[in-house]
Amino acid sequence: MPAPYRIAVLASGRGSNLQAILDAITTGRLDAQVAGVFSDRPAAPALERARAARIPAFAAEPRDFGSRDAHEAELFGHVARAEPDLVVCAGYMRLIGAATVEAWTGRMVNIHPSLLPAFKGLHTHRQALQAGVAEHGCSVHYVTAELDGGPVVSQARVPVLPGDDEPALAARVLGREHPLLVATLRLLVSRRVQLGPSGVLLDGEPLAAPLRLDSAGVLHRPDLQPD
Ligand code: GRF
């Protein structure tokens, strides 16, 4: 019997993406286990969700450490001891240092609330509204030293509607983040998706464009879809 696939989740806040992972595991839609939840904020509701699910939860408060590196070493030391196959950044709001990213290359992904490479960083919905785009969405990408710059695995799109404000657009995007994250994790857990030397591989083949989530929550290869 192969050992269960172990996922470590990093979260700084609410934890709704973490909950989507936990619910997918509980309902048998994701064949994995959450080995631990880690945060830079002891009061993060995500940690409460972990404790409620009897999952180890750990927080390290940055101000208790003399430097960013010291804080990161402590937090990722705990992550490493959980022996995860994959680290999922789900609302982890701190920039991860190059050395740590290097150590987890190909084993760390992030969910970001925009259609990367558009609107990196913070306030992505405000950026999208200010840019006047007709379409917005979310992306799951491998983490590299460049903030929100790693190879994109998958995306889900939403329309920007007349009269949209930030909360309305954020809610519409979040509604797609959860199925996108779960569908993408299924491919990562089954090792159908991997990071190769020149980018994302699906079943060993280079992915020319990010997978796209359809309205039923299924991922498709847009590079194989007829226009
Ligand atoms: C999500 O919108 C995610 O894309 C972004 O931070 C938010 C976290 O939400 N990076 P939650 O804590 O998972 O509810």
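All ligand and atom numbering here is 1-based and tracks the order in the structure.
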*Do the side-chain N and O atoms of H136 and H125 include a donor-acceptor pair separated by under 3.5 angstrom?*
yes
Considering heavy atoms of the protein only, find what lies nearest to [atom] and give residue, atom and distance to 0.1 Å.
| atom | result |
| --- | --- |
| atom 3 (C) of ligand 1 | E177 OE1, 3.2 Å |
| atom 9 (O) of ligand 1 | R14 NH2, 2.9 Å |
| atom 12 (O) of ligand 1 | G15 N, 2.7 Å |
| atom 5 (C) of ligand 1 | P113 CD, 3.9 Å |

*Pick, from L181, V9, N17, I21, the option with the minimum heavy-atom distance to atom 13 (O) of ligand 1.*
N17
Numbering the atoms of ligand 1 from 1, which are under 4.0 Å from a heavy atom of [X]?
| X | value |
| --- | --- |
| G91 | 6 (O), 8 (C), 10 (N) |
| I111 | 3 (C), 4 (O), 10 (N) |
| S16 | 11 (P), 12 (O), 13 (O), 14 (O) |

*So which of V143, D40, V87, I111 actually passes side chain to side chain contact (heavy atoms under 4.5 Å, CB included) with Y92?*
D40
*asked:* If hydrophobic clusters are built from ILVMFWY residues whose side chains come within less than 4.5 Å, do I21 and V189 share one?
replied: yes
_Does any N or O of ligand 1 fall below 3.5 Å from an N or O anywhere on L174, backbone included?_
no
_Geometric N/O contact N110 with ligand 1, under 3.5 angstrom_ = no
*Any idea how H71 and F65 line up, ring-wise: parallel (<30°), tilted (30 to 60°), or perpendicular (>60°)?*
perpendicular
*R172 atom CZ, neighbour heavy-atom count above 12 within 6.0 Å*: yes
_Restricting to non-hydrogen atoms, name the atom on V79 and the atom on A8 that form the minimum distance, rounded to 0.1 Å._
CG1-CB, 4.1 Å
*Side-chain contact test, heavy atoms from C-beta onward, threshold under 4.5 Å: evaluate it for P56 versus V37 and give yes or no.*
no
